[in-house]
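Everything on this sheet refers to the single structure shown next.
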Amino acid sequence: MSGAVNVEVLSKTYRVPEREAGFSAAARSFFRRKYRDVDAVKEVSFAIGRGEIVGFLGPNGAGKTTTLKMLSGLLHPTGGRADVLGFTPWDRKPEFLRSITLVMGQRNRLSWDIPAADSFLLNQAIYRIDDAQYKRTLAELDELLELAPIIKKPVRNLSLGERMKCELAAALLHGPQVLFLDEPTIGLDITAQARIRSFLREYNRRTGATILLTSHYMADVTALCERIIMIHHGQLKYDGGITDLSRRIAPVKLIGVALRDGAEADLTRYGELSAEENENGRRMIQVPAEDVASVTARLLSELPVQDLNIEDVPIEAVIEKAFNEGEPAQAEARPRAEARQETGA
Amino acid sequence: MHYLKIFSTLVKINVEQELAYRADTVINISQLIIWTAWDLLALSIIFTNTASLGGWGAGELVALLGVFRLVNALMAALIWPNTERFNTAMRDGTLDYTLLLPAPALLLVSFTRIAIWRVVDFVIAITLIVIGVTMSAGGLTVAGVLSFALLLSSGMVIFYSLWIAMLAFTFWFIKFDNNVTILQALLEAGRYPATVYPPWLRMIVTFIVPIALATTVPVQALRGELQWWQVLMFLGVAVVVVAVSLRIWRAGLRKYSGASA
């Protein structure tokens with residue numbers, strides 16, 4: 001298989017102790033513990049081609065991190081198979097570990113007390129990177145992330161954005177071919193987020209690395225990913241192009257209307273109406289995509305329209321809608337082969 | 001070779017860090033010297049009242065104090081700092097990064113932090129051992145000194161293994177911050193010769209939680225008290241302890257990744 005990541009009916013069930021609140025329940029559970037099975041990931045299947053950047057989305061607790069941990073080899077699944085670059089991740093073969101990386105935005109890889117440069121040296125020894133290669137990679141990362149001024153300072157003296165740059169550099173020194181990124185921009189300000197984003201895009205372009213990325217910032221996803229995989233309650237809910245998602249989940253368009261000064265009209269006759277005027281003094285009418293032309297024509301002929309425009313629903317809103325809908329996974333999930341083809345992998 | 005490179009890089013990083021905090025180092029070393037003086041004072045008080053303790057003379061007890069200090073130095077230089085780090089990494093999830101590195105997790109977990117200034121502790125320990133041995137000179141044999149060295153090394157390995165087992169238990173309990181406190185308490189039991197304890201307790205500290213093997217037994221070998229088969233038996237116990245600890249560690253790792261569930 002030439003793909004970078006293949007996942008087949010992968011499942012993970014956690015056994016968690018369960019008890020009711022209160023002292024007596026606590027005392028009872030000390031002696032006889034009751035367990036409950038929690039399905040974190042349920043029979044998820046997908047495939048990612050080499051060089052793809054895929055957004056991995058889902059609300060908190062959807063099973064994203066558990067999936068990433070299985071794919072990087074930290075967790076054994078309770079069922080199913082996974083193949084990353086030809087390796088079974090949880091065998092944790094050194095050659096496998098040398099070709100992947102995992103970045104968790106909320107957890108620091110670098111030691112707090114020592115400069116990042118020292119941690120880099122340790123990584124060089126651990127990953128057996130020869131001196132020439134090490135210098136070359138570091139120079140390249142320095143060019144993209146402007147590391148030089150910050151890697152000599154103890155990590156605890158760095159700002160969050162500077163630290164994330166160092167974290168990324170440490171995670172990429174060994175030149176991994178597959179990157180699992182779990183919330184790499186969390187907590188960063190807008191500028192720093194944009195820097196990380198453009199870095200990832202450029203890194204992918206230069207090295208052809210495959211990236212599977214989770215983020216709660218939709219801007220990360222829309223800027224980097226053409227394809228998204230969405231899971232909810234551990235089940236695959238959508239796998240496909242980001243533009244297709246709107247069509248499937250929210251096949252509607254927004255018509256923005258501004259009437260001439262003083263004119264009043266009941267716009268609810270034309271479609272679902274947004275509560276407020278937007279910053280341009282327009283009201284937004286939501287109409288089914290296939291009705292856009294006819295509704296627009298009616299608006300123009302029946303009302304004193306000063307200005308009108310047609311927009312797509314913002315992807316953030318579409319994704320939020322997808323999360324909130326409790327539809328079964330099967331309806332949205334498509335066979336892997338088809339998904340691969342469409343994204344041109 | 002690979003492991004050696006990793007280890008030497010860790011040492012280098014720790015030395016650099018030590019150099020960055022000069023004042024700290026000076027204070028730490030002065031404290032250490034005061035504590036050693038205190039220990040020696042305690043011993044001299046005991047020996048103004050009695051000529052022997054559990055059949056051991058002053059010189060032998062100084063040697064035992066040295067051995068005890070040596071294990072203690074291991075404790076302070078490696079075990080405490082790395083355990084603290086391990087427990088934190090376990091709780092906040094950063095241990096995941098260590099487990100994804102293409103190097104043995106055990107190497108990284110046990111040698112990332114090295115309290116370099118504790119080298120002084122090792123020097124003091126060795127000095128005490130040499131003084132003790134010289135004080136009780138006369139009865140020394142080449143075989144005795146050799147088996148002493150052998151058992152001393154295996155004692156250090158035993159102590160290290162017990163620590164690894166303690167760390168590994170954390171994989172089952174998640175919160176087990178006392179993992180090293182227990183070890184320290186056991187070590188305190190090794191400060192005096194195992195022969196001062198009743199036989200049942202002596203059995204426990206020799207075979208079940210073999211702390212005495214790290215402290216008393218080497219000095220017994222030095223005194224020429226041990227037969228060759230006893231030396232072999234104690235080395236055999238060391239091998240078993242290492243093997244069992246490594247198994248517990250691996251089982252712990254499997255538990256952590258959900259492979260054993």
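Lettering of chains follows the sequences in order, A, B, ..., and the numbering in each one begins at 1. As the structure is a computational prediction, the values presented were derived from the model and not from experiment. Values reported hereafter were calculated over all heavy atoms of this structure, with side chains retained and with hydrogens, waters and symmetry mates removed.
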> Out of B/T94, B/D96, B/L10, which one racks up the most heavy-atom pairs below 4.5 Å with chain A?
Replying inline: B/D96
> For A/D118 and B/E16, which heavy atoms make the closest approach, and how far apart are they?
Replying inline: OD2-OE1, 3.1 Å
> If every non-hydrogen atom of B/G93 is compared with every non-hydrogen atom of A/R107, which pair is closest and at what distance?
Replying inline: O-NH1, 3.3 Å
> Which bit of B/L107 is near chain A, if near means a heavy-atom gap under 4.5 Å: side chain, backbone, both or neither?
Replying inline: neither
> Shortest non-hydrogen contact from B/A103 to A/I126?
Replying inline: CB-CG2, 3.9 Å
> Taking atom CH2 of A/W112 as the centre, does the number of heavy atoms from other residues, nucleotides or ligands within less than 6.0 Å exceed 12?
Replying inline: yes
> Out of curiosity, A/Q124 CD to B/I6 CD1, how far, rounded to the nearest 0.5 Å?
Replying inline: 11.5 Å
>> Which one wins on heavy-atom pair count under 4.5 Å against chain B: A/L75, A/L74, A/N108?
In response: A/L74
> What part of A/T78 lies closer than 4.5 angstrom to a heavy atom of chain B: side chain, backbone, both or neither?
Replying inline: neither
> What's the shortest heavy-atom distance between B/P102 and A/P94, and which atoms?
Replying inline: CB-O, 4.0 Å
>> Which one wins on heavy-atom pair count under 4.5 Å against chain B: A/T13, A/T101, A/I114, A/N123?
In response: A/I114
>> Can you tell me which portion of A/M104 sits under 4.5 Å from chain B's heavy atoms? Options are side chain, backbone, both or neither.
In response: both
>> Measuring only between side-chain heavy atoms, which start at C-beta, is A/P154 closer than 4.5 Å to B/Q17?
In response: no
> What part of A/K69 gets closer than 4.5 Å to chain B, counting heavy atoms only: side chain, backbone, both or neither?
Replying inline: side chain
>> Give me the atom names and distance for the closest heavy-atom approach of A/A125 to B/K5.
In response: CB-CG, 3.9 Å
>> For A/R156, is the CZ atom crowded, meaning more than 12 foreign heavy atoms sit under 6.0 Å from it?
In response: yes
> At a heavy-atom separation under 4.5 Å, does A/R92 approach chain B through its side chain, its backbone, both, or neither?
Replying inline: side chain
>> Please give me the minimum heavy-atom distance between B/L101 and A/Y127, naming the atom from each residue.
In response: CD2-OH, 3.4 Å
> More than 12 heavy atoms of other residues, nucleotides or ligands under 6.0 Å from OH of B/Y3: is that the case?
Replying inline: no
